[in-house]
S.K.: 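I have a structure I would like to understand better, so I am pasting it below and will then ask my questions one at a time.
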Protein chains: 2
Amino acid sequence: MAGKIGAAEIGAKKMALKKIVERQTGVALWRQIADRIRLSISNGDYDATGMVPPEMTLAREFGVNRHTVRSALAALAEEGLVRALQGRGTMIERKDRVSYPISRRTRFSQGLGRQVKEIATRLLGHAEVPASGEIAAALAVSPGSLLIELRTVSSGDGRPLSTSVSYYPADRFPRMVEEYSRLGSVTKAFAAQGLDDYVRVSTELVARHADADELSLLKLSPGAIVMEAQSVNADLDGKPVEFSRTRFAADRMKLRIET
Amino acid sequence: MAGKIGAAEIGAKKMALKKIVERQTGVALWRQIADRIRLSISNGDYDATGMVPPEMTLAREFGVNRHTVRSALAALAEEGLVRALQGRGTMIERKDRVSYPISRRTRFSQGLGRQVKEIATRLLGHAEVPASGEIAAALAVSPGSLLIELRTVSSGDGRPLSTSVSYYPADRFPRMVEEYSRLGSVTKAFAAQGLDDYVRVSTELVARHADADELSLLKLSPGAIVMEAQSVNADLDGKPVEFSRTRFAADRMKLRIET
DNA sequence: TATAGTTGTCTAGATCAATAGACATTTTGG
DNA sequence: CCAAAATGTCTATTGATCTAGACAACTATA
């Protein structure tokens, strides 16, 4: 099984163009197809024409009925990604996923840069909660000590991109809520409380289907995927200052890891 | 909408315990529930007992019929994650996702460390292909110049974790296939061709539903999610030496980004 | 102005997903 | 030993998904 395939490979590669989807999976065919077309759009596969291939062509490629492809395209139209024009074809309206950089100095609003004109972060709510085991460990505080919890959702040009739950040690950052509300930025709220700089020390990523809560917060077409990042930021002495759990709308974002 | 919710928050948090799932989404309820239980298991939510809650309890929490929960548990049993024992309950067989570190010096086999006893990478095939636009740009070679393509699938303790397609400039690494087949490692194959060290310069991540190809390569229960990482490695002069596209089985892996 | 190619709409039937209820089987604990 | 609690199995019904085919409406082009 090692590397003596060579010539036979060419054939195998052509097969791969058949864009197969699987049945009886718990994920409807129209949704799998919508996912794949979305990916093709964002990969620029259709840039030559600016159009999605005709429904009959897609149906043949995916090996499904034309109506199934129509369901997929309807979902993408609902997202505003494509627009169908009777008699002409289906036009691509929007192409790129927003690329979000994760680095040692990750700051939410900065990285998005020129990709979106307007970034809005809305504070959904806050609370003062005792540290649970996992979070206490991540923040290096004793379990049960008080934390400030902030819940936010962020949008780019009106489209929700991510939603976060963040925790801060209440003793060190007692005015977190007020400062964040006033300044609209975690970085500035930290600065207002005497912390000038901080760095990302760890990020863990998983991907899964969105639950109903995330669907509504991120205005996702249901059944969508979220990428969940658990991250810890620390001050320059290595003392953790923030634990947060951010869920990104997977079909609107790609994460770029910078090293 | 800014931070004057406070007390009302506590109620909202309790509501969140209701583990809601959405209907008519193109993703079957049993699959959404399977995803959520899998996440709960890997988060350690059931560590106290080592058991998944009873079917009736889960059905109540998710607001669905017991049979729907049974479908979800059947899928998890199929994955080998849980085992049902009549009269007793449903036992957790395996807990953790494998954590895969992505850093400036990412090396596949090293990072997995003690998490898996045995790592096996199988060469699926190879080919010599002209560089397409995107890949040529990433590798900083002229479009159409020859690349060596390697396709592999990697498993930990017999469970497929990821599948990769990688490209190397054919002029610089003409013996890539032979050396890789002989040594079983990209790092060693590079060394055998005079490249002693290399670093990760970029990684881009997206998440989506797996296609049939990935389902069969990764032996995924259909409808599963993959995380796709496009990465570029370069030598210490910054000259790109490898472009690769790795798809991770999202329900078996978490990615840890180290900065 | 035909004609081919495209999306839009409708109907009918087959299969999958989910609910509902009843009862069997097995284990645990009083 | 008995009762409670858990999983296993079966039947029946409803709604969502997918297929199949036919035709209408619209667009571009020869």
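Residue numbers start from 1 in every chain, and the chains themselves are labelled A, B, ... in the order their sequence lines are given, proteins ahead of strands. It should be emphasised that the depicted structure is a prediction, and the values quoted were computed from it without experimental measurement.
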S.K.: Mind calculating the distance between CE (M56(A)) and P (dG8(C)) to the nearest angstrom?
M.R.: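 Distance, rounded to whole Å: 15 Å.
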
S.K.: Quick check: any donor-acceptor pair below 3.5 Å linking the side-chain of Q86(B) to the base of dA6(D)?
M.R.: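 Under the 3.5 Å cut-off, the side chain and the base do not form any donor-acceptor pair.
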
S.K.: Roughly how many Å is it from CZ in R83(A) to C1' in dT6(C), rounded to a whole number?
M.R.: 16 Å

S.K.: Calculate the interatomic distance between L29(A) atom CG and dA14(C) atom P; express it in whole Å.
M.R.: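 Atom-to-atom, L29(A) to dA14(C), this comes out as 19 Å.
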
S.K.: Could you tell me whether the side chains of T203(B) and S231(B) share a donor-acceptor contact shorter than 3.5 Å?
M.R.: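 On atom types as modelled, these side chains do not qualify, holding no pair under 3.5 Å.
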
S.K.: I want to confirm an ordering. Mapping G87(A) and H67(A) to their closest nucleotides on DNA chain C, which one lands closer to the 5' end?
M.R.: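 Between the two, 5'-proximity favours G87(A).
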
S.K.: Can a side chain N or O of R70(A) be found less than 4.0 Å away from OP1 or OP2 on dG8(C)?
M.R.: yes

S.K.: Could R208(A) and E214(A) be called an ion pair, given the rule that one side-chain N must be under 4.0 Å from one carboxylate O?
M.R.: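 A salt bridge is present here (some side-chain N lies under 4.0 Å from a carboxylate O).
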
S.K.: Tell me whether the OP1 or OP2 atom of dT28(C) has a side-chain N or O from R88(B) closer than 4.0 Å.
M.R.: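 Indeed, a polar side-chain atom of R88(B) lies that close.
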
S.K.: Would you please confirm or rule out a distance under 4.0 Å between OP1 or OP2 of dT17(D) and any side-chain N or O of S71(A)?
M.R.: no

S.K.: How about E93(B): does its CD atom have over 12 heavy atoms from other parts shown lying under 6.0 Å from it?
M.R.: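 Atom CD in E93(B) is crowded, with more than 12 foreign heavy atoms closer than 6.0 Å.
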
S.K.: With a 3.5 Å cut-off and heavy atoms only, can you find an N or O donor on one side and an acceptor on the other between the side chain of R66(B) and the base of dG21(C)?
M.R.: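 Side chain to base: no pair present.
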
S.K.: OP1 or OP2 of dT7(D) less than 4.0 angstrom from a side-chain nitrogen or oxygen of T90(B), does that happen here?
M.R.: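 So the side-chain polar atoms of T90(B) do come within 4.0 Å of the phosphate oxygens OP1 or OP2 of dT7(D), strictly under.
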
S.K.: Contact class for L73(A) (heavy atom, under 4.0 Å): base, sugar-phosphate, or nothing?
M.R.: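 Answer is nothing: L73(A) stays at 4.0 Å or more from every strand.
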
S.K.: Report the residue (T68(A) or L85(A)) whose heavy-atom-nearest nucleotide on DNA chain D is the more 5′ of the two.
M.R.: T68(A)

